[in-house]
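Throughout, numbering of the chain's residues begins at 1 and tracks the sequence.
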Amino acid sequence: MDSIVKRLAERTSWLLFAVAAGFVSAALRRWQLSTAFEDVTGLAIPGAQASVILACVLVMSAAWFILSAIHQPMAKRPPVEGQAERWDLVFLDAGDPVYPILVILAAFLALAATPFFLKLGIDQWRVYQELLAAKAENPSVQLPSSNGALTIATAVGALLSFLGLLQMGRDGFRPGRRGKGGFSAVLPGIAGCVWLMESFRGHAANPVQWDYAPLLLAIVCGMLFYMDFAGMSAGAGRPRRLLWVSAMTLVMSAPALVSALADMSLGDVLLLCAQGLTAAAALWRLPPNLEHPPKIKGTPIPRQTGAATIQEETTDE
């Protein structure tokens, strides 16, 4: 019974702290949106209490998770000859259904975002073409800031995120081939680059930086999270850094989600939920598996016997 409680505490400590910080950040962002901007101009009020407290909470969260990552227990396992520590096995534990279920749910959220971005992009393209034709007759006609191409690319990126996350979730149900999850995790990271460009383009003309800073920071955290996840899955991971990025992705996605809901940007809402769920899944599986690496059936753990080393071999199922 004690071992079960200890195991559950290992799984939930990181996740609970990240979720709590996310809820606090979301509540402060909601407060900021209602009190920290002028009614007439919409400009930010300098030194607004909500803005100051929100910035402090985010900085304190980042510092807390850095300290937690530094003191995170990690198993010391003999390295495989010519390879680093076998962190690629961490996400291939077939005995835990929570992680793959969360990731597969995140995949379908990313898929649901595709039609929203696609429709918006097609509408932008149609308007741009109409105004472009009108400009040929009347040079004073102003063209819109977007022709829709980048928004359509974001829709394609959301589809790539779905494919990558679906494969990541599938790999979590049963042991997969070594390094197989690396490419899957890269797909949402690449999609995040396009999403970041589209989000910045859509808000760059806005003089109120607080309006879009949470969204941009959340996307950047998500990109770093997926790239570090890919490194773990390819056997070249930095576990403590991935823990920190996972927690901050969950925390930063919360205030950005409040902003996206206020703007009725459903595509952004779905992608933020997708990356937040994936980060939560990583925080569920990663800490206990760093301290007690999973023993996958058919994959012996390397042992040191004097000068001899029994090399680890991974079998495909």
| request: Might you work through the side-chain contact (heavy atoms from CB on, under 4.5 Å) test for L215 and L272, ending with a clear yes or no? | output: CA-CA 9 Å; L215 178 60; L272 286 168; 4.0 Å; yes
| field | Minimum-distance pair of heavy atoms, taken over all atoms of A282 and F225 | value | CB-CE1, 3.8 Å
| message | Using a 4.5 Å cut-off between side-chain heavy atoms of Ile, Leu, Val, Met, Phe, Trp and Tyr, which other residues end up in the same hydrophobic cluster as M60? | response | none
| request: Could you list all the salt bridge (charged side-chain N to carboxylate O under 4.0 Å, His left out) pairs where at least one residue sits in residues 108-123, not counting sequence neighbours? | output: K119-D123, D123-R126
| task | Over all heavy atoms of both residues, which pair between S61 and A21 is shortest? Give the atoms and the distance, please. | result | OG-CB, 3.7 Å
| query | If you take all heavy atoms of D268 and S199, which pair is closest and at what distance? | reply | OD1-OG, 4.4 Å
| Ring geometry between Y99 and F229 (parallel below 30°, tilted from 30 to 60°, perpendicular above 60°) | parallel
| said: Between W125 and N147, is the side-chain contact (heavy atoms from CB on, under 4.5 Å) condition met? List the steps. | reply: CA-CA 5 Å; W125 175 265; N147 61 3; 4.3 Å; yes
| request: Count the heavy atoms belonging to other residues, nucleotides or ligands that lie under 6.0 Å from CD of Q49, then report whether that count exceeds 12. | output: no
| request: Assess the side chains of E198 and T154: does a donor N or O sit below 3.5 Å from an acceptor N or O? | output: no
| remark: Besides I122, the hydrophobic cluster formed by Ile, Leu, Val, Met, Phe, Trp and Tyr side chains linked at under 4.5 Å, directly or via other members, contains L118, I152
| Test item: S265 side-chain N/O and A260 main-chain N/O as donor-acceptor pair under 3.5 Å | no
| message | Can you give me the closest heavy-atom contact between L58 and M252, atom names plus distance? | response | CD2-SD, 3.7 Å
